[in-house]
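All ligand and atom numbering here is 1-based and tracks the order in the structure. In this text the structure is predicted, and so the values were computed from the model without any measurement. Count residues from 1 along the sequence.
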Amino acid sequence: MKKQTIQTEFTSYDSVDLLPDVDRELLSIAKKSLENSYSPYSNFKVGAAVLLLNGEMLGGSNYENASYPLCICAEQTVLTTAANQFPGIVPISLAVTVRNPRQLIDRPGLPCGACRQVICETEMRYKHPIRVILQGETGPVYVFENGLDLLPLAFDKSFL
Ligand code: THU
């Protein structure tokens, strides 16, 4: 028997003002995209934005369905949109922000497990880490240097 430990790391910024310009720009696109959120069931708005290696930035939001399991997360919207609009161009950063009319979110919004898996797949597909920048309505901003830090021991194609 051998106990194993998994370590992961991220940087917490007390204020968005401490982030590099490019991260702040990406977060502001995520925030704008959040206005397009179609979330009549949860009322939880999620905006995401991706930065590509060619400098292009694009945004997306969550898209819900009366058949609840069909809700599409903002992260998946934007990563699949990027892959289709800019095929072959590597995504290098992903910003995510959230808003909930029922409670002030005073901490960074966290990607669900499925989105973490999709971020990891995209990293493996392009063989490039994705910087993940997470923001709430107030409070700190978390930055993960890659998706795998959000999902240690992720499932991958080596099993298939
Ligand atoms: N949601 C996202 O867009 N991203 C996540 O990582 C977590 C959840 C959305 C899905 C649904 O529309 C709403 O938030 C509530 O779960």
Starting from [atom], which protein heavy atom do you reach first, and at what distance in Å?
{"atom": "atom 4 (N) of ligand 1", "result": "Glu75 OE1, 2.8 Å"}
{"atom": "atom 3 (O) of ligand 1", "result": "Ala74 N, 2.9 Å"}
{"atom": "atom 11 (C) of ligand 1", "result": "Glu64 OE2, 3.2 Å"}
{"atom": "atom 8 (C) of ligand 1", "result": "Cys73 SG, 3.9 Å"}
{"atom": "atom 9 (C) of ligand 1", "result": "Asn62 ND2, 3.6 Å"}

Please indicate whether any nitrogen or oxygen in [X] is less than 3.5 Å from any nitrogen or oxygen in ligand 1.
{"X": "Ile72", "answer": "no"}
{"X": "Phe44", "answer": "no"}
{"X": "Ser39", "answer": "no"}

Q: Specify whether Phe155 and Phe159 have parallel, tilted or perpendicular ring planes, treating 30° as the upper limit for parallel and 60° as the lower limit for perpendicular.
A: parallel
(Q) Would you say Ser67 and Asn65 are linked by a side-chain donor-acceptor pair, where the criterion is simply a distance under 3.5 Å? (A) no
Q) Would the number of heavy atoms belonging to other residues, nucleotides or ligands and lying under 6.0 Å from CD of Glu9 be above 12? A) no
Q.
How about CZ on Phe86, more than 12 heavy atoms from neighbouring residues, nucleotides or ligands closer than 6.0 Å, or not?
A. yes
Do [X] and [Y] sit in one hydrophobic cluster, given that two such residues count as connected whenever their side-chain heavy atoms are within less than 4.5 Å of each other, even indirectly?
{"X": "Phe44", "Y": "Val96", "answer": "yes"}
{"X": "Ile119", "Y": "Leu153", "answer": "no"}
{"X": "Leu19", "Y": "Ile92", "answer": "yes"}

Q | Any non-hydrogen protein atom less than 4.0 Å away from atom 16 (O) of ligand 1 | A | no
**Q.** Region of Ser42 that comes within reach of ligand 1 [heavy atoms, distance under 4.0 Å]
**A.** side chain
(Q) Determine whether Arg116 and Leu110 satisfy the following criterion, side-chain contact (heavy atoms from CB on, under 4.5 Å), listing intermediate values before the conclusion. (A) CA-CA 9 Å; Arg116 294 176 195 216; Leu110 298 171; 3.8 Å; yes
Q.
Suppose I only count heavy atoms of Cys112 and a 4.0 Å limit; which atoms of ligand 1 are within that range?
A. 5 (C), 6 (O), 7 (C)
Q. If you measure from each heavy atom of Cys115 to ligand 1, is any distance below 4.0 Å?
A. yes
